[in-house]
Amino acid sequence: MIEEKTDEQIKSIVLGEARKSSKCESLSGGTVIADGHPGDWIFLAEWSGAGLSEDCRNEIAAIVSRLKKTIRLKQ
């Protein structure tokens, strides 16, 4: 089932899941924006310190990829 959620709801889900991982300790926040087609979205990560490790970027990409199968951005 596809759910529609606001940008803040999606951001909260992505951050919550990413912060469970020890790979994403420098992740400080993010922004969800619309991406092209209605309902499509992307997550832009924000970080503190030297930046996000490749492991964290991969973790976030996997989370976003999985969530996009069930969550659309509410217009």
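All values below were derived from every heavy atom in this structure, side-chain atoms included, with hydrogens, water molecules and symmetry-related copies excluded. What you see is a predicted model; the values in this text were computed from it and never measured.
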Inset, instruction - Step by step, work out the salt bridge (Lys or Arg N to Asp or Glu O under 4.0 Å) result for E4 and R72. - result: CA-CA 5 Å; E4 281 197 345; R72 296 183 54 80; 5.1 Å; no

Legend entry - Stepwise salt bridge (Lys or Arg N to Asp or Glu O under 4.0 Å) test for E8 and K11: CA-CA 5 Å; E8 288 298 316; K11 178 174 85 171; 3.5 Å; yes

Legend entry - Atom CD of E54: over 12 foreign heavy atoms under 6.0 Å: no

Legend entry - N/O donor-acceptor pair under 3.5 Å between E17 side chain and V14 backbone: no

Legend entry - K68 (side chain) donor-acceptor with D40 (main chain) under 3.5 angstrom: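 Judged by distance alone, no pair lies under 3.5 Å.
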
Pairwise side-chain contact, [X] with [Y], heavy-atom cut-off 4.5 Å (strictly under):
X	Y	result
L67	I13	yes
W41	I10	yes
I33	L44	yes
K5	K74	no

Legend entry - Pair I71-R66, side chain to side chain contact (heavy atoms under 4.5 Å, CB included): steps then yes or no: CA-CA 9 Å; I71 296 176; R66 183 174 43 79; over 6 Å; no

Could you give the distance from [atom1] ([X]) to [atom2] ([Y]), rounded to the nearest 0.5 Å?
X	Y	atom1	atom2	result
L15	S28	CG	OG	8.5 Å
I63	S21	CD1	OG	7.0 Å
L27	R19	CG	CZ	5.5 Å
I60	C24	CD1	SG	4.5 Å

Inset, instruction - Determine the minimum heavy-atom distance between D7 and L73, stating which atoms define it. - result: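 In terms of heavy atoms, the two residues are closest at N-CD1, 3.5 Å.
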
Inset, instruction - Could you walk me through whether E46 and T31 pass side chain to side chain donor-acceptor pair (under 3.5 Å), step by step? - result: CA-CA 8 Å; E46 299 167 5; T31 304; 3.2 Å; yes

